[in-house]
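One structure is given below, encoded as structure tokens.
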Amino acid sequence: MAQAAAVAKPPAPPRRRRASATPRRLPYLLIAPAALLMLGFIAYPVISVFYYSLQEYNPTKPWRNGFAGFDNFVHAFTDDPLFWDTLVFSAKWVFVEVGLQLLLGLALALIVNQTFAGRALGRALVFSPWAVSGVLTSAIWVLLYNSQTGITRYLADAGIGSYGTSWLSDTSTVFPAAIVADLWRGVPFFAILILADLQSVSKDLYEAAEVDGASRIKQFWHITLPHLKDAIVLSTLLRAVWEFNNVDLLYTLTGGGPAGVTTTLPLYIANTSVDAHNFGYASALTTVAFVILLFCSMVYLRLSKFGGEDK
């Protein structure tokens, strides 16, 4: 009977194995080395800049090195007119460059988004300047602006202007000349991002608008622009930060001259640290620039309602 009872007893349910936490942690473990390297390469320089901004640090004058507190910041805001001049020019540079690049990039994106013969070649020509480095771009435009072999010579041959004119050495023409040089390289950035977003717009929306009698302008205003809002906000923010930190093109093209009229704040910081070896004061200026960019970026994203739904 005991044997029969043992046979009739239902089998015990299988024990559940405890779920291992390793599979859930595996993705984080795999990216941990890269994350630690990025943190080291980013966090250490940032912390070092904040540290040296509170120091008087000049390797050529070691007897003056030491803790300075907020003296570097006080000097920047009260006793350094170059700081305010370069900050104002940086704002002017960013506003003009980003605005023109956005308008021209949007126009180019709308053009190459159309169907026409040779569209692939047209897109390649439009996007190719973005592959050129900033130093090489400035070298190309230095040759184009050369007073002996550049554009001004051919204009003088045509009776426009005079021979020996150098747009990069004249305070009245250097800013437009630098703007044009940077536009050549910066416009494709906007064209690429906007074109990528344009191709995701459903053609049914335009067909429905045409049936309702909407003109091309109304279609652009009520369909294209709302769809491109986030792409435009993101691209302008990224480009504004890059243009604010633009050093390579202006340094190679004008060196901040003539008479310092094209010196941006980052270029002034580079000259202060590399040429004058005043790393403490340059770190303080870098900290101020970081705070300005952070504040402006947060305000811009808040006002533009990036990623939100338009009501």
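Below, all heavy atoms of this structure are taken into account, side chains as well, without hydrogens, waters or symmetry copies.
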Could you list the donor-acceptor pairs under 3.5 angstrom formed by side chains in residues 137-144, with sequence neighbours left out?
unit_1: T137; atom_1: OG1; unit_2: S133; atom_2: O; d: 2.8
unit_1: S138; atom_1: OG; unit_2: G134; atom_2: O; d: 3.2
unit_1: S138; atom_1: OG; unit_2: V135; atom_2: O; d: 2.7

request  = Could you grab the distance from atom CG of L168 to atom CZ of F175, nearest 0.5 Å is fine?
outcome  = 13.5 Å
note = Heavy-atom nearest pair, S53 first then N72, reads O-ND2, 3.1 Å
Do any side-chain atoms of residues 292-302 form donor-acceptor pairs under 3.5 angstrom with protein atoms, and if so which ones, sequence neighbours left out?
unit_1: S297; atom_1: OG; unit_2: L293; atom_2: O; d: 2.7
unit_1: Y300; atom_1: OH; unit_2: T236; atom_2: OG1; d: 2.6

request  = Under 4.5 Å between side-chain heavy atoms, chaining through other members, with only Ile, Leu, Val, Met, Phe, Trp and Tyr counted: pull out the rest of the cluster around L37, sorted by chain and number.
outcome  = F41
key: Any residue meeting side-chain hydrogen bond (donor to acceptor under 3.5 Å, both in side chains) with N113, in chain and number order, not counting sequence neighbours   = none
Distance-only criterion, 3.5 Å: show the donor-acceptor pairs between side-chain atoms of residues 252-260 and protein atoms not counting sequence neighbours.
unit_1: T252; atom_1: OG1; unit_2: D248; atom_2: O; d: 2.8
unit_1: T254; atom_1: OG1; unit_2: L250; atom_2: O; d: 3.0
unit_1: T254; atom_1: OG1; unit_2: G256; atom_2: N; d: 3.2
unit_1: T254; atom_1: OG1; unit_2: T262; atom_2: OG1; d: 2.8

inquiry  = Other residues, nucleotides and ligands only: do more than 12 of their heavy atoms fall within 6.0 Å of OH on Y28?
reply    = no
ask   = Between NZ of K229 and CG of D197, what distance do you get to the nearest 0.5 Å?
value = 12.5 Å
ask   = So which heavy atom on S235 is nearest to which on F189, and how close?
value = O-CE2, 3.6 Å
key: Spacing of N278 atom CG and L285 atom CG [to the nearest 0.5 Å]   = 8.5 Å
key: All ring pair (Phe, Tyr, Trp, His ring centres under 6.0 Å) counterparts of H75, not counting sequence neighbours   = Y281
key: Contact summary for S172 and P176, nearest pair of heavy atoms   = O-CD, 4.1 Å
query = Heavy-atom distance under 4.5 Å between the side chains of L54 and F73, does that happen here?
reply = yes
task = Might you work through the side chain to side chain contact (heavy atoms under 4.5 Å, CB included) test for V187 and W130, ending with a clear yes or no?
result = CA-CA 8 Å; V187 168; W130 182 244; over 6 Å; no
task = Take atom CZ of F50 as the centre, draw a 6.0 Å sphere, and report whether it contains more than 12 heavy atoms from other residues, nucleotides or ligands.
result = yes
ask   = With distance as the sole test, does N245 use its side chain to make a donor-acceptor pair with the main-chain N or O of V241 at under 3.5 Å?
value = yes
Path from V233 to I223 over hydrophobic side-chain contacts below 4.5 Å = no
inquiry  = Please enumerate all residues that pass ring pair (Phe, Tyr, Trp, His ring centres under 6.0 Å) together with F77, with sequence neighbours excluded.
reply    = F83, W84
For a quick test of your reading: what N or O donor-acceptor pairs under 3.5 Å do the side chains of residues 89-106 make, sequence neighbours left out?
unit_1: S90; atom_1: OG; unit_2: T86; atom_2: O; d: 2.8
unit_1: S90; atom_1: OG; unit_2: L265; atom_2: N; d: 2.8
unit_1: W93; atom_1: NE1; unit_2: E243; atom_2: OE1; d: 3.0
unit_1: E97; atom_1: OE1; unit_2: Q101; atom_2: NE2; d: 2.6
unit_1: Q101; atom_1: OE1; unit_2: R239; atom_2: NE; d: 2.9
unit_1: Q101; atom_1: NE2; unit_2: E243; atom_2: OE2; d: 3.1

task = Indicate if L228 and W221 have the same hydrophobic cluster label, given that clusters are the connected sets of ILVMFWY residues with side-chain heavy-atom separations under 4.5 angstrom.
result = yes
remark   = Rounding to 0.5 Å, atoms CG (L237) and CD1 (I232) come to a distance of 13.5 Å
task = Check step by step if side chain to side chain contact (heavy atoms under 4.5 Å, CB included) holds for F220 and L110.
result = CA-CA 10 Å; F220 172 77; L110 292 173; 3.7 Å; yes
Least distance between heavy atoms, P45 atom then I42 atom = CD-O, 3.3 Å
request  = Report yes if some heavy atom in the side chain of E56 is under 4.5 Å from a heavy atom in the side chain of D71; otherwise report no.
outcome  = no
task = Using side-chain hydrogen bond (donor to acceptor under 3.5 Å, both in side chains) as the criterion, list what pairs up with Y206, not counting sequence neighbours.
result = T224
Shared hydrophobic cluster, F290 / V46 (ILVMFWY, side-chain heavy atoms < 4.5 Å) = yes
inquiry  = Would the distance check show the side chain of T173 and the main-chain N or O of W167 forming a donor-acceptor pair, the cut-off being under 3.5 Å?
reply    = yes
key: Residues in side-chain hydrogen bond (donor to acceptor under 3.5 Å, both in side chains) contact with Q55, at least two apart in sequence or another chain   = none
task = Determine whether T264 and N246 make a side-chain contact, defined as any pair of heavy atoms from C-beta on separated by less than 4.5 Å.
result = no
inquiry  = Can you see whether T272 engages H277 through a side-chain donor-acceptor pair at a distance of less than 3.5 angstrom?
reply    = no
inquiry  = If you define the side chain from C-beta out and look only at heavy atoms, does anything of L195 sit under 4.5 Å from R123?
reply    = yes
ask   = Should D80 and Y268 be marked as a side chain to side chain donor-acceptor pair (under 3.5 Å) after you check the CA-CA gap, both sets of side-chain angles, and the distance that decides it?
value = CA-CA 12 Å; D80 188 1; Y268 178 47; 2.7 Å; yes
task = Look at the side-chain heavy atoms of Ile, Leu, Val, Met, Phe, Trp and Tyr, link any pair under 4.5 Å apart, and say whether V49 and V274 land in one connected group.
result = no
query = Can you list the steps and then say if T152 with Y145 is a side chain to side chain contact (heavy atoms under 4.5 Å, CB included)?
reply = CA-CA 7 Å; T152 55; Y145 289 145; over 6 Å; no
message = Just verifying a value: how many Å separate W242 CH2 and L238 CG, rounded to the nearest 0.5 Å?
response = 5.0 Å
message = Quick check: Y52 with Y57 (ring centres under 6.0 Å apart)?
response = yes
ask   = Going from CD1 on I111 to CZ on R119, what distance comes out if it is rounded to the nearest 0.5 angstrom?
value = 13.5 Å
key: Chi angles and distances behind the side chain to side chain contact (heavy atoms under 4.5 Å, CB included) call for L198, I194   = CA-CA 6 Å; L198 273 176; I194 293 175; 4.2 Å; yes
query = Same cluster or not: are V74 and L82 linked, directly or through other Ile, Leu, Val, Met, Phe, Trp or Tyr residues, by side-chain heavy atoms under 4.5 angstrom apart?
reply = no
note = The side-chain hydrogen bond (donor to acceptor under 3.5 Å, both in side chains) partners of N58 (sequence neighbours excluded) come to T60
Residues that, via side-chain heavy atoms closer than 4.5 angstrom, fall in one hydrophobic cluster with L121 = L125
